[in-house]
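To start, the structure itself, in structure tokens.
All heavy atoms count here, side chains included; hydrogens, waters and symmetry mates do not. Order of the sequence lines fixes the chain letters, A, B, ..., with proteins taken first and strands second; residue numbering starts at 1 for each chain.
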There are 2 protein chains.
Amino acid sequence: MVSIKDIAQKAGVSISTVSRTLNNYTDVNPKTKEKIFRIAKELNYYPNAVARSLVQKKTNTIGVFFGNKINSGFDHPFFQDVISAVREVVGNAGYDMLIFTNQKRERGTYTTLSRERSVDGIVLLLTGEGKKRDEHMLELQESGIPCTAIDIPLSGVKCGYVESDNFNGTRAAVEHLISLGHTGIAFIGGDEISKTSYDRLRGYQQALMDHKIGFDPSLITLGYFEKSRAAEETRKLMERGKQITAFIAASDEMAIAAMQTLNEMGYRVPEDVSVIGFDDIREAVYAQPALTTVRQEKYKLGTVAAEVLLNLIDGKDPICQHVVLPCELIVRKSTAICKKS
Amino acid sequence: MVSIKDIAQKAGVSISTVSRTLNNYTDVNPKTKEKIFRIAKELNYYPNAVARSLVQKKTNTIGVFFGNKINSGFDHPFFQDVISAVREVVGNAGYDMLIFTNQKRERGTYTTLSRERSVDGIVLLLTGEGKKRDEHMLELQESGIPCTAIDIPLSGVKCGYVESDNFNGTRAAVEHLISLGHTGIAFIGGDEISKTSYDRLRGYQQALMDHKIGFDPSLITLGYFEKSRAAEETRKLMERGKQITAFIAASDEMAIAAMQTLNEMGYRVPEDVSVIGFDDIREAVYAQPALTTVRQEKYKLGTVAAEVLLNLIDGKDPICQHVVLPCELIVRKSTAICKKS
DNA sequence: TTGTAGGCGTTATCAT
DNA sequence: ATGATAACGCCTACAA
């Protein structure tokens, strides 16, 4: 490995002169400057980012935490667009992305791992249990490490988070069903720990109340964003003999699972039962029938999360950042007029 | 930031003793050992990976290069599974993953960027032009940096590459069509620079020759793995009035584009024209009709690429590594018996 | 304009 | 069993 020391030696100058030259300082004699650049090229020199980071305390690296479970991170249909957007934004700002994948660490928390690696900021892309606001999350918030998350309410001077307007999202979904004459609307929620799940449930309840329908608690269930759970809950609900003519699920994957289950049970979608999802993942278009759903602006979520993070790093916005992006109801073929009404 | 120096001071020992303790050296007094661990915890100490890397010349980091264009890397339906597998394997081996996203570097080649970051090894996940064996690729091969690629024939002591058996893949696809009575089989290839494209074309030609059908060069065209190009070529081919009863495309995305175009032109798939793709991406299942295709073991490709890389890093396999994985023909609904035969 | 020297946090090689 | 001390490659006052 060739270092600035080698260049200095060959050029007959000190290493500080080389360093200044390579970093485009102005106070360097044009002649020596040129000489140094020439030798650097001859020797095929490239700077050592590790050494530089050690002294500058800046790695030009954004850390990314995915959940460790399957169907999270790269596998997750929702995060694919998000991470792609993050990549674009931080890349243009001069950062590389470090994905924390090392499994050989026992004591690792978001904070310790980030500090060990000296990343300049981090993005949290977590699902399910990972979203719980546990001690690790609290530690992170107090750490002072610039961080942004999708869908996780982080508070702290160097924290930000971005989410969709989940409340009005499901609300619009319910309104759509009501306008089609539905009143027996079941809800397959997410979990009991995430704000996302909570807000979607609230939107559902609000819409029903707005229209004086009132909600039957027995029509509300949890699918934990898993296909199998959603399928199971769908079956249970239908077998209970309630007057259900429509389903709203807190994710497209669960909605698709619900449609499949309904099909297996002999119900036709949307003739017998309407179904609405949430997210608008790619599969939604290809589903049979094409899924009516609430679209999240996934790419935008990632873009904003990255931009907020960059601001946090640059110290531009010391206040807590919370951005809510609008959703859009995408009507496809899985919803129709309620016949029983 | 608390360092081993601080611990040493508080414990009344030298920094070397602290270092030894923290790295679980045996030759350290149990008492002082315990004391140091206690203080380390009190002070909330965590090691600085950057400093360690500087002296050890090992970063425990695998670099990943995606193409910079859209529809590559995270966006690419093919690479999603591949990268997910890579992540799994290198993570279990104790590595984190650095995605090279920084766009603020002009002079960056695979080699210089990798050296700057001192990554221990790299994975190349490139598409289209990125796969060209240009000077950057040659530089990398001679660099001695452990690297593996998907679909790019790398040669060099520290290089490996993994690919599917593309030749026999398209060959099986053609055989399937021939068994259905087709003889007018058009081929929408990839590009003229990648080995992948070349092998798939060869497989197509071989199968035709094996069955004494002979191939009409005018039925062979290039779609460059782009939907729009594939659609255009499909239209051109059909309008030329040749006796085409089936298409084979070098990717599912192109095959789906071909199906759409055929539909627009008034042909029914598979009744009038059969279509086969390559890859078996998720969309293939949802396509209308569901696409018959040649499946690549995407997850396996990533697993093997990562494993080969780890061996290369550990110096276990100094010889050039080239792994070819079998493909499997997945027959769905886009192929049917040829009526005109 | 250039050189000297100290330090970033860690590991590693010697002694002791 | 423990402590000096010298790297690792780079940056940055400060001095000249």
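The residue A:N29 sits close only to the backbone: its heavy atoms come under 4.0 Å of sugar-phosphate atoms, none of a base. Using a 4.0 Å heavy-atom criterion, one finds that B:T32 contacts the sugar-phosphate atoms exclusively. Heavy atoms of A:N48 sit under 4.0 angstrom from primed sugar atoms or phosphate atoms, though from no base atom.
If you take CD1 of A:I36 and P of C:dT2, they are 8 Å apart, rounded to a whole angstrom. In this structure, the CG atom of A:D27 is 17 Å from the P atom of D:dA15, given to the nearest Å. Taking atom CD of residue A:Q9 and atom P of nucleotide D:dG9, one finds them 13 Å apart after rounding to whole Å. In this structure, A:K31 atom NZ and C:dT2 atom P are separated by 11 Å, rounded to whole Å. A:L22 has its CG atom 12 Å from the C1' atom of D:dC11, to the nearest Å. Following rounding to the nearest Å, B:R52 (CZ) and C:dT11 (P) show an atom-to-atom distance of 5 Å. Put simply, NZ on B:K58 is 18 Å from C1' on C:dA12, counting in whole angstrom units. As rounded to whole Å, 13 Å separates atom P of C:dG9 from atom CZ of A:R115.
For A:N23, a side-chain nitrogen or oxygen approaches OP1 or OP2 of D:dC11 to under 4.0 Å. Residue B:S19 has no polar side-chain atom (N or O) positioned under 4.0 Å from OP1 or OP2 of C:dT10. Under 4.0 angstrom from either OP1 or OP2 of D:dC10 there lies no side-chain N or O belonging to A:Y46. Side-chain nitrogen and oxygen atoms of B:K5 include none within less than 4.0 Å of the OP1 or OP2 phosphate oxygen of C:dT10. Note on B:Y25: a side-chain N or O is less than 4.0 Å away from OP1 or OP2 of C:dA12.
Of the residues near DNA chain D, B:K57 and B:T26, the one whose nearest nucleotide (by heavy atom distance) lies more toward the 5' end is B:T26.
Not counting sequence neighbours, the partners of B:V324 by the side chain to side chain contact (heavy atoms under 4.5 Å, CB included) test are B:E163, B:D165, B:H322. Annotation: side chain to side chain contact (heavy atoms under 4.5 Å, CB included) contacts of B:E34 (sequence neighbours excluded): none. Qualifying ring-ring contact (aromatic ring centres under 6.0 Å, His included) partners for B:F65, counting only residues two or more places apart in sequence or in other chains: B:F100, B:Y110. In this structure A:T59 satisfies the side chain to side chain contact (heavy atoms under 4.5 Å, CB included) test together with A:S53, A:T61, A:S118, A:D120, B:V50, sequence neighbours excluded. Qualifying side-chain hydrogen bond (donor to acceptor under 3.5 Å, both in side chains) partners for B:D81, counting only residues two or more places apart in sequence or in other chains: B:R282. Every side chain to side chain contact (heavy atoms under 4.5 Å, CB included) that B:A49 has, sequence neighbours left out, goes to A:R117. Considering only residues two or more places apart in sequence or on other chains, B:S114 meets the side-chain hydrogen bond (donor to acceptor under 3.5 Å, both in side chains) condition with none of them.
Taking the screw axis at each terminus of the helix from C:dT1-D:dA16 to C:dT16-D:dA1 from five consecutive base pairs, the angle between the two is 40° to within rounding of 10 degrees.
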Using nucleotides 3-7 of chain C, report all nitrogen or oxygen pairs with the protein that are shorter than 3.5 Å.
residue, atom, partner, partner atom, Å
C:dG3, OP2, A:S14, N, 2.8
C:dG3, OP2, A:S14, OG, 3.1
C:dG3, OP2, A:T17, OG1, 2.7
C:dG3, N7, A:S16, OG, 3.3
C:dG3, N7, A:R20, NH2, 2.9
C:dG3, O6, A:R20, NH1, 3.1
C:dT4, O4, A:S16, OG, 3.1

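Residue A:C159 comes nearest to A:L312 through the heavy atom pair C-CD2, 3.9 Å, listed as atom of the first residue, atom of the second, then distance.
Using modelled atom types, one side-chain atom of B:T101 and one backbone atom of A:Y95 make a donor-acceptor pair closer than 3.5 Å.
Between B:H76 and B:F78, the ring-plane angle classifies as perpendicular under the 30° and 60° cut-offs.
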